[in-house]
Engineer: 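Dropping a structure here in structure tokens format, bear with me for questions.
Note that ligands are numbered from 1 as they come in the structure, with each ligand's atoms numbered from 1 the same way. Position 1 is the first residue of the sequence, and the numbers go up from there.
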Amino acid sequence: MNRYSIIDLYTDFATNPGKDFGWDKGMQNALNHHYKGAWINSIPEVIWSYCAAVGNPFSAGELHAGETVLDIGCGAGVDLCVAALLVGEKGKVLGLDVTPAMVEKSRQHATLAGLSNITVYQGDDEKLPVEDSCVDVVISNGAINLSLYKEAVFAEIYRVLKNNGRLFFCDMIKDENNISTSCCEDESWADCIAGTLTSSELIKIMGEAGFDDVQMLATNHYKTSAYTVGATFRALKLRGGL
Ligand SMILES: C[S@@+](CC[C@H](N)C(=O)[O-])C[C@H]1O[C@@H](n2cnc3c(N)ncnc32)[C@H](O)[C@@H]1O
């Protein structure tokens, strides 16, 4: 895996949202993941064309008015906009993406949607640009599997969450019913195939990072290869800081 191939792929997507990359995206993808009609109607249509969601992290639990939310690997900002609607004007939504073109696109989309409580950072999820214990909810959608050091990502998420903070995320996992011996080393990392783990491997890493009540809630229809499937997870930070 190389960071540049990830940045190249997602720069291409940020520039050409209509191009066929071999995975579902766009408004139909959001509808397939049951994003609510109220959100679809409130967020400008062009933003939905960049929806590369592998699931619906908002199905894992509620966001409350006034909360602070961080979206890791926010892409062009679809989930940032949904989170901003949910937390309202008194809430705060932070986004992080490693691809500069996505950061620019998500900032443009926040402005286009008229959502002034969104701030987007460019950077790597292995080192979050946020202070300890200041986020109520971390969300992520199709991004953590792209990281080489998932232990570092979950340790960082744990660090930035407040006590009683929640983690709601969707990601590609290895489909344990369909792993062949040829899976997956030769497959593309940037397309969310080679970097995927099994659900039990992910749950173990989250537990070791300190999370409680770690659950895989469901798998879904989303596929990036014959060996991978979309899944939704939830975890809580019940103990104090690190
Ligand atoms: C499949 S897209 C999903 C985008 C968005 N969450 C959505 O649902 O439309 C994955 C995103 O993760 C970003 N990404 C990949 N590796 C990352 C890393 N190490 N740190 C932060 N962002 C990363 C990519 O640039 C890309 O925008």
Side-chain angles (χ1 to χ4, degrees), residues 1-17 19 21-35 39 43 46-60 69-83 93-110 118 120-130 138-157 160 168-173 188-196 220 222-225 228 230-232:
M1 194 270 302
N2 118 27
R3 195 76 84 218
Y4 297 104
S5 63
I6 290 178
I7 292 176
D8 287 347
L9 174 67
Y10 292 103
T11 300
D12 195 9
F13 179 42
T15 320
N16 303 296
K19 182 172 162 181
F21 292 92
W23 25 264
D24 293 350
K25 56 186 170 52
M27 170 76 84
Q28 190 56 50
N29 186 37
L31 293 169
N32 292 345
H33 288 305
H34 308 294
Y35 276 67
W39 308 336
I43 296 168
V46 64
I47 299 177
W48 293 100
S49 62
Y50 293 83
C51 176
V54 307
N56 180 345
F58 305 103
S59 67
V69 179
L70 168 66
D71 182 3
I72 293 180
C74 62
V78 171
D79 287 349
L80 291 177
C81 292
V82 173
V93 180
L94 313 173
L96 173 83
D97 205 283
V98 77
T99 304
M102 282 300 193
V103 173
E104 197 184 328
K105 196 54 79 178
S106 58
R107 285 177 181 157
Q108 283 169 7
H109 285 164
I118 295 176
V120 187
Y121 302 96
Q122 196 264 323
D124 201 296
D125 56 11
E126 289 157 21
K127 187 154 182 25
L128 300 177
V130 178
V138 171
I139 58 171
S140 185
N141 203 340
I144 295 173
N145 66 83
L146 294 167
S147 196
L148 189 54
Y149 301 108
K150 292 166 181 71
E151 290 83 355
V153 178
F154 287 109
E156 276 291 89
I157 294 173
V160 303
F168 304 147
F169 75 101
C170 301
D171 222 336
M172 299 311 294
I173 59 167
S188 163
W189 191 294
D191 285 303
C192 304
I193 304 171
T196 55
N220 63 46
Y222 201 91
K223 304 286 290 178
T224 49
S225 76
T228 51
T232 304

Engineer: Taking only heavy atoms of Met102 into account, list the atoms of ligand 1 that are under 4.0 Å away from them.
Structural biologist: 27 (O)

Engineer: Could you check Trp39 against Trp48 for side chain to side chain contact (heavy atoms under 4.5 Å, CB included), going step by step and ending with a plain yes or no?
Structural biologist: CA-CA 10 Å; Trp39 308 336; Trp48 293 100; 4.2 Å; yes

Engineer: Atom CZ of Phe168 and atom CG of Asp79: how far apart are they, to the nearest 0.5 Å?
Structural biologist: 13.0 Å

Engineer: Using modelled atom types only, decide if a donor and an acceptor are shared between the side chain of Ser140 and the backbone of Ile72 within a distance under 3.5 Å.
Structural biologist: yes

Engineer: Distance under 4.0 Å to a non-hydrogen atom of Ala143: what atoms of ligand 1 satisfy this?
Structural biologist: 12 (O)

Engineer: Using a 3.5 Å cut-off on N or O atoms only, is Thr99 in polar contact with ligand 1?
Structural biologist: yes

Engineer: Number the atoms of ligand 1 from 1 as they appear, then name those within less than 4.0 Å of a heavy atom of Gly123, with their elements.
Structural biologist: 20 (N), 21 (C)

Engineer: As a quick check of understanding, evaluate side chain to side chain contact (heavy atoms under 4.5 Å, CB included) for Asn32 and Tyr222, giving each step before the final call.
Structural biologist: CA-CA 9 Å; Asn32 292 345; Tyr222 201 91; over 6 Å; no

Engineer: Number the atoms of ligand 1 from 1 as they appear, then name those within less than 4.0 Å of a heavy atom of Asp125, with their elements.
Structural biologist: 18 (C), 19 (N), 20 (N), 21 (C)

Engineer: Ignoring angles and geometry beyond distance, decide whether Ser147 reaches within less than 3.5 Å of ligand 1 through its nitrogen or oxygen atoms.
Structural biologist: no

Engineer: Out of curiosity, is Tyr50 lining ligand 1, as in a heavy atom under 4.0 Å away?
Structural biologist: yes

Engineer: With a 4.5 Å cut-off on side-chain heavy atoms, are Lys25 and Pro17 touching?
Structural biologist: no

Engineer: Could you walk me through whether Val98 and Ile7 pass the side chain to side chain contact (heavy atoms under 4.5 Å, CB included) check?
Structural biologist: CA-CA 7 Å; Val98 77; Ile7 292 176; 4.2 Å; yes

Engineer: My understanding is that we take every heavy atom of each candidate and find the minimum distance to atom 7 (C) of ligand 1. Doing that for Ala52, Gly95, Gly75, which one comes out nearest?
Structural biologist: Ala52

Engineer: Using a 4.0 Å heavy-atom threshold (strictly under), name the region of Cys74 that reaches ligand 1: side chain, backbone, both or neither.
Structural biologist: backbone

Engineer: Polar-atom distance check: Leu146 versus ligand 1, any N or O pair below 3.5 Å?
Structural biologist: no

Engineer: Enumerate the atoms of ligand 1 whose separation from the nearest heavy atom of Asn141 is less than 4.0 angstrom.
Structural biologist: 3 (C), 5 (C), 6 (N), 8 (O)

Engineer: Can you figure out which of Gly142, Gly73, Ala53, Pro57 has its heavy atom closest to atom 4 (C) of ligand 1?
Structural biologist: Gly73

Engineer: Roughly how far, to the nearest 0.5 Å, is CG of Asp24 from NZ of Lys223?
Structural biologist: 12.0 Å

Engineer: Parallel, tilted or perpendicular: which fits the ring planes of Phe13 and Trp23, with parallel below 30° and perpendicular above 60°?
Structural biologist: perpendicular

Engineer: Mind checking whether Asp97 has a heavy atom under 4.0 Å from ligand 1?
Structural biologist: yes

Engineer: Tell me, please, which residues at least two apart from Ser106 pass side chain to side chain contact (heavy atoms under 4.5 Å, CB included).
Structural biologist: Cys74, Leu80, Val120

Engineer: Considering distance alone, does some N or O of Tyr10 sit under 3.5 Å from an N or O of ligand 1?
Structural biologist: no

Engineer: Can you tell me how far apart NE2 (His34) and CG (Asn56) are? Round to the nearest 0.5 Å.
Structural biologist: 8.5 Å

Engineer: Going by the atom numbers of ligand 1, which of them fall below 4.0 Å from some non-hydrogen atom of Asp124?
Structural biologist: 19 (N), 20 (N)

Engineer: Return a yes/no value for Asp71: is any of its N or O atoms, backbone included, closer than 3.5 angstrom to an N or O of ligand 1?
Structural biologist: no

